[in-house]
Amino acid sequence: MTGERGHYELCAGKDFSKYIKAIEQFSSVGGMLPEQVWDYDDIPSRGMYRGRSAGSAQPLVWAHAEYLKLLRSAADGRVFDRIQVVADRYAVAKEKRSFTNHIEIFEPGRPICSLYSGHTLRVVDREHFRIVYTYDNWATTLTLDSRSVGYSGSFVDIPTGAGQVGKITFTLAWPVEGQPDRWLGRNIDVSIDPVPASTKV
C-alpha cells in the first residue's frame with residue numbers, strides 16, 4: 001500500500017520520494033520486504049517494532065514488485081504501468097474525453113431494459129451460449145453463437161441502427177453435451193429508444 005500511495009502522490013504532482021525511502025526502511029537486514037509492518041508502539045517481548053515486519057510473509061514478491069514499480073515510475077516521471085485507454089476514459093474531465101461508448105452490457109445479474117438507437121447490445125454470460133433474437137416481434141428470427149473471451153465468459157453483440165426505435169426481444173440457450181440445449185425459458189425485451197437531443201453520444 002505504501003507503493004500505491006507513492007504512485008498517488010506522483011500523479012498528484014507531489015513529493016513521493018519519502019514513500020520509496022519508507023519501503024526501503026521496512027526491509028530486513030538482507031533487503032527482504034515483508035507483507036505487513038508493525039505500526040504501533042514497540043512490544044519487544046513479542047518481537048514487534050514499529051516499522052519492522054509484523055511476522056507476516058517475508059519476502060513477499062508482491063511487496064518487492066510495488067517497490068520496483070515505484071522506482072521505475074520515479075525514473076519515468078509518470079506511472080509506468082498506467083493503461084492509457086483507461087486514463088483517457090476516467091482521468092480527464094467529461095467534456096474533454098476523446099472516446100465514445102456505444103455498447104450497453106446485459107448480464108443475467110445486471111439486466112438492462114433499454115439502450116439508445118445506434119448503440120450495440122452486448123449480452124454476456126459465464127458459459128458459452130446461443131442467442132435467438134428479433135427486432136420485429138418474431139416476424140424475423142436471428143441467431144448468434146457467443147464468442148469466448150476466456151475466464152470472463154462469452155458474449156454476443158446485437159447492433160441497432162441510427163434512428164432505429166422499437167425493441168430487441170431475445171432468449172438464450174446453453175449447449176449441453178449429448179443432451180438437448182438448456183433454454184432460458186422466457187423472452188427478454190430491451191427497448192431501443194431515440195437519442196435525446198440534449199445527449200451527446
Side-chain angles (χ1 to χ4, degrees), residues 1-112 115 119-129 145-157 174 200-201:
M1 302 307 289
T2 306
E4 291 182 8
R5 178 58 187 271
H7 279 107
Y8 175 86
E9 297 296 340
L10 169 61
C11 289
K14 299 180 180 178
D15 179 23
F16 58 91
S17 59
K18 62 184 176 181
Y19 297 99
I20 294 175
K21 184 176 181 180
I23 294 173
E24 292 170 347
Q25 290 177 331
F26 294 152
S27 67
S28 68
V29 173
M32 298 293 102
L33 293 173
E35 177 184 12
Q36 299 171 355
V37 295
W38 187 248
D39 57 354
Y40 293 99
D41 292 337
D42 295 351
I43 307 176
S45 62
R46 296 188 179 180
M48 298 293 192
Y49 298 92
R50 184 186 295 272
R52 310 307 300 169
S53 172
S56 55
Q58 181 177 308
L60 184 73
V61 177
W62 172 69
H64 286 263
E66 283 296 320
Y67 173 60
L68 293 174
K69 281 169 53 180
L70 189 53
L71 289 179
R72 168 68 186 268
S73 297
D76 291 352
R78 61 182 294 275
V79 178
F80 92 94
D81 63 347
R82 182 176 76 171
I83 302 171
Q84 192 58 47
V85 68
V86 176
D88 291 345
R89 180 165 186 152
Y90 296 108
V92 296
K94 186 175 182 180
E95 61 275 7
K96 294 182 179 179
R97 291 177 183 169
S98 59
F99 75 94
T100 56
N101 176 38
H102 292 161
I103 296 176
E104 296 292 342
I105 297 175
F106 180 103
E107 296 181 75
R110 182 191 170 271
I112 62 169
L115 76 162
H119 288 204
T120 296
L121 175 66
R122 175 167 290 174
V123 180
V124 179
D125 193 70
R126 295 302 301 269
E127 301 176 54
H128 177 71
F129 65 94
D145 286 325
S146 65
R147 184 175 129 201
S148 175
V149 286
Y151 177 79
S152 299
S154 298
F155 77 95
V156 296
D157 283 344
W174 294 267
K200 182 181 179 181
V201 294

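Only heavy atoms go into these numbers, but all of them, side chains included; no hydrogens, no water, no symmetry mates.
In this structure, Met48 and Ala54 approach most closely via the heavy-atom pair CE-O, 3.4 Å. Residues Leu70 and Gly6 share a closest heavy-atom pair of CD1-C, 3.8 Å. Across all their heavy atoms, Val79 and Cys11 have their closest contact at CG2-SG, 3.4 Å. When every heavy atom of Pro111 is checked against every heavy atom of Pro108, the shortest pair comes out as CD-O, 3.6 Å. Among all heavy-atom pairs drawn from Arg52 and Ser28, the shortest one is NH2-CA, 3.9 Å.
Here the CD atom belonging to Gln25 is positioned 12.5 Å from the NZ atom belonging to Lys18, to the nearest 0.5 angstrom. Rounded to the nearest 0.5 angstrom, His119 NE2 and Asn101 CG are separated by 7.5 Å. Rounding to the nearest 0.5 Å gives a distance of 12.5 Å between CD of Glu107 and CZ of Phe155. Put simply, OG1 on Thr2 and CD1 on Ile20 are 11.5 Å apart, with the number rounded to the nearest 0.5 Å. To the nearest 0.5 Å, the span separating CD on Glu35 from CH2 on Trp62 amounts to 7.5 Å. Separating the OG atom in Ser152 from the CG atom in Asp125 is a distance of 12.0 Å, to the nearest 0.5 Å.
Using a cut-off of 4.0 Å between Lys/Arg side-chain N and Asp/Glu carboxylate O, Asp42 and Arg50 are scored as not salt-bridged.
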Audit row: Lys69, Glu66, salt bridge (Lys or Arg N to Asp or Glu O under 4.0 Å) steps and yes/no: CA-CA 5 Å; Lys69 281 169 53 180; Glu66 283 296 320; 3.3 Å; yes

side-chain contact (heavy atoms from CB on, under 4.5 Å) assessment of Ile23 paired with Tyr19: CA-CA 6 Å; Ile23 294 173; Tyr19 297 99; 5.6 Å; no

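The environment of OH in Tyr8 is sparse: at most 12 heavy-atom neighbours from other residues, nucleotides or ligands sit within 6.0 Å.
A cation-pi arrangement is present between Arg126 and Tyr151, with the terminal nitrogen or guanidinium carbon under 6.0 Å from the aromatic centre and inside a 45° cone about the axis.
Remark: the Ser146 side chain and the His128 side chain contain an N/O donor-acceptor pair separated by less than 3.5 Å.
Within the 4.5 Å cutoff, side-chain heavy atoms of Tyr67 are placed close to those of Glu24. Looking only at side-chain heavy atoms (C-beta outward), Val156 and Phe129 come within less than 4.5 Å of each other. Residues Glu4 and Met1 meet the side-chain proximity criterion, which asks for heavy atoms closer than 4.5 Å. Within the 4.5 Å cutoff, the side chain of Glu9 has no heavy atoms near those of the Asp15 side chain. With contacts defined as side-chain heavy-atom distances shorter than 4.5 Å, the pair Ile112/Leu121 qualifies. By the 4.5 Å heavy-atom criterion applied to side chains, Arg122 and Asp157 are counted as neighbours.
The ring-ring contact (aromatic ring centres under 6.0 Å, His included) test applied to Tyr90 returns no partner, not counting sequence neighbours.
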